Protein chains: 2
Amino acid sequence: MGKSGFYQHDGDDIVFRGFNKISIDNKGRLAVPCRYRELISVQAENSLVITLNPLDRSLWLYPLPEWEVIEDKLASLSDFDKQSRRTKQMMRGYATDCQLDSQGRILIPKELRDYSELSKKVVIFGQGNKFEIWNEKAWEVQRVEWLETTGDDSVPTPESLQSLSL
Amino acid sequence: MGKSGFYQHDGDDIVFRGFNKISIDNKGRLAVPCRYRELISVQAENSLVITLNPLDRSLWLYPLPEWEVIEDKLASLSDFDKQSRRTKQMMRGYATDCQLDSQGRILIPKELRDYSELSKKVVIFGQGNKFEIWNEKAWEVQRVEWLETTGDDSVPTPESLQSLSL
DNA sequence: CACGAAGTGGGGAATTGTGGGTAAAAGTGG
DNA sequence: CCACTTTTACCCACAATTCCCCACTTCGTG
């Protein structure tokens with residue numbers, strides 16, 4: 001499905017992949033790459049939820065139906081474990097609804113832009129059920145670091161990776 | 001199947017092999033060697049996924065069905081281990097769908113060309129379930145280095161390789 | 001040598017990304 | 001409750017990229 005297979009849609013599962021460098025204009029708007037728009041329109045009626053990524057200084061962008069699944073999972077986390085509680089608070093607290101406008105753009109709330117230090121140049125890439133949005137420079141730094149450790153025999157590799165055949 | 005044995009297609013398993021020197025034109029397009037095209041057309045409806053090879057500075061090109069297997073493996077990696085998370089992000093994030101055009105070419109995204117330093121001359125070779133694409137010069141260097149170390153007893157050989165009968 | 005198949009290159013149309021003007025809406029303070 | 005400021009949404013226009021098509025070159029084969 002989709003004119004060039006940039007996503008799959010098997011039953012209820014969406015899989016986003018692919019990478020784009022794009023810019024945020026000085027009004028704080030981000031244009032979702034065109035090839036994803038049709039699916040978002042059909043599957044989520046242009047409704048998206050953007051929130052912070054608790055693991056990296058970046059943002060996560062979910063189609064609304066996918067977010068609802070996440071929200072249920074968060075709701076079931078214990079309130080008595082501090083890390084769980086914080087994760088719940090952060091991800092739900094910063095989750096903001098947004099709609100694709102007529103040009104396929106979304107407005108990213110200032111709070112979230114600040115958190116992830118999004119300025120002019122950003123990268124957005126598919127990551128399964130969601131997109132991840134990074135400051136371009138920050139992303140480059142991570143990529144270089146990762147390349148240096150991966151394939152470097154002196155850095156221990158977790159088992160799950162060692163046994164991975166690609 | 002295949003007029004000169006450059007691939008097999010046993011059930012759902014594809015095996016690519018063989019080596020080609022080809023060029024990328026100045027629009028960033030790469031012509032997939034003709035002898036693979038029919039299989040790609042039949043088995044993947046001309047849909048391919050290209051992504052970076054985390055272990056060498058080269059690219060991997062999968063037929064879509066083969067990529068989906070990889071994607072599932074990646075999806076199951078832990079998010080809480082940084083190296084695993086990065087691997088997931090990089091490989092899925094850079095994975096770009098592409099279609100063979102009417103001349104049997106694909107457009108390689110600029111990001112990936114930059115990463116693997118693909119300029120005019122490249123080599124593409126079959127590697128089981130995928131193709132590997134290298135800058136020609138970089139490949140020559142690797143080949144020379146490999147010839148020097150293989151058979152050199154001072155360089156340790158992993159057990160799995162030691163027990164390999166060729 | 002002639003032919004066909006494979007690889008290469010480029011023009012131009014269509015699509016996609018970017019920026020900004022202006023109107024509507026929402027938030028703020030008196 | 002109203003006037004004022006700030007933010008958000010819609011529209012249009014330009015720039016860049018990608019895609020589609022046609023033509024030429026090169027190579028192997030009979």
Side-chain angles (χ1 to χ4, degrees), chain A residues 2-7 16 18-41 45-50 61 96-114 118-126 131 133-136, chain B residues 2-7 16 18-41 45-50 61 96-114 118-126 131 133 136:
Chain A
K3 46 193 166 203
S4 45
F6 285 101
Y7 47 77
F16 293 114
F19 181 95
N20 277 76
K21 280 191 187 182
I22 50 177
S23 59
I24 292 188
D25 66 25
N26 44 26
K27 294 178 183 177
R29 293 176 302 187
L30 174 146
V32 172
C34 194
R35 60 176 185 268
Y36 306 116
R37 288 181 199 164
E38 195 194 330
L39 180 61
I40 292 171
S41 157
E45 292 173 13
N46 289 333
S47 292
L48 298 164
V49 175
I50 189 166
L61 179 66
T96 308
D97 289 88
C98 44
Q99 289 268 121
L100 286 183
D101 72 12
S102 52
Q103 269 81 284
R105 294 184 281 202
I106 56 169
L107 181 66
I108 301 182
K110 192 163 185 318
E111 282 293 314
L112 292 179
R113 268 180 281 154
D114 291 346
L118 299 187
S119 47
K120 187 90 189 139
K121 291 283 168 194
V122 304
V123 298
I124 177 170
F125 52 86
F131 295 97
I133 303 168
W134 287 67
N135 170 306
E136 183 180 322
Chain B
K3 46 195 164 201
S4 44
F6 285 100
Y7 54 78
F16 293 114
F19 181 94
N20 278 76
K21 286 190 186 187
I22 50 177
S23 62
I24 292 188
D25 67 26
N26 46 25
K27 291 182 182 176
R29 293 176 303 189
L30 174 147
V32 172
C34 194
R35 60 174 181 268
Y36 304 117
R37 288 181 198 166
E38 193 195 331
L39 179 61
I40 292 170
S41 158
E45 292 174 14
N46 288 334
S47 292
L48 297 164
V49 175
I50 188 164
L61 180 67
T96 306
D97 289 77
C98 42
Q99 292 267 122
L100 287 182
D101 72 12
S102 52
Q103 269 83 290
R105 294 181 284 197
I106 56 169
L107 180 67
I108 301 183
K110 190 166 184 316
E111 278 301 313
L112 293 178
R113 269 180 280 153
D114 292 346
L118 299 188
S119 47
K120 189 87 188 143
K121 291 285 169 195
V122 304
V123 298
I124 177 171
F125 50 88
F131 296 99
I133 304 168
E136 184 179 324

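Predicted model, so just to flag it, every value in this text is computed and none were measured. Order of the sequence lines fixes the chain letters, A, B, ..., with proteins taken first and strands second; residue numbering starts at 1 for each chain.
The side chain of A:S23 places an N or O atom within less than 4.0 Å of a non-bridging phosphate oxygen (OP1 or OP2) of C:dG19. Dashed line: the shortest gap from a side-chain N or O of A:N26 to OP1 or OP2 of C:dG19 is not under 4.0 Å. OP1 or OP2 of C:dG7 has at least one side-chain nitrogen or oxygen of B:R37 nearer than 4.0 Å.
Heavy atoms only, all atoms of each residue included: B:C98 and B:L107 are closest at CB-O, 4.5 Å. Closest approach of A:I108 to A:R113, counting heavy atoms only: O-NE, 2.9 Å.
Atom CZ of B:R105 is separated from atom P of C:dG10 by 11 Å (rounded to the nearest Å). Distance CG (A:L100) to C1' (D:dA9): 13 Å, rounded to an integer number of Å. Protein atom CG of A:D101 is 10 Å distant from nucleotide atom P of D:dC11, rounded to whole Å. D:dA9 atom P lies 6 Å from atom CG of A:L107, rounded to whole Å. Straight-line distance from the CD atom of A:Q103 to the P atom of C:dG19: 14 Å, rounded to whole Å. Separating the NZ atom of B:K121 from the C1' atom of C:dT8 is a distance of 10 Å, rounded to the nearest angstrom. Across the protein-nucleic acid pair, A:R29 atom CZ and D:dA9 atom C1' stand 8 Å apart, rounded to whole Å. Atom CZ in A:F19 sits about 17 Å away from atom C1' in C:dT16, given to the nearest Å.
Counting heavy atoms from C-beta outward, B:V49 and B:L61 have side chains that stay 4.5 Å or more apart. Looking at heavy atoms from C-beta onward, B:I124 lies in side-chain contact with B:P33 at the 4.5 angstrom threshold.
Picking from D:dC12, C:dG9, C:dT16 the nucleotide with the shortest atom distance to the side chain of A:C34 gives C:dT16. In the set D:dA9, C:dG17, D:dC11, D:dC11 carries the atom at the smallest distance from any side-chain atom of A:S102. When the nucleotides C:dG9, D:dC19, D:dA9 are ranked by their closest atom to the side chain of A:K27, D:dA9 comes out on top.
Relative orientation of the B:Y36 and B:F131 rings is perpendicular, given thresholds of 30° and 60° on the angle between their planes.
Within 4.0 Å of A:K120, counting heavy atoms only, lie sugar-phosphate atoms of the nucleic acid but no base atom. B:K110 comes within contact range of no nucleotide atom at all, as no heavy-atom separation falls under 4.0 Å.
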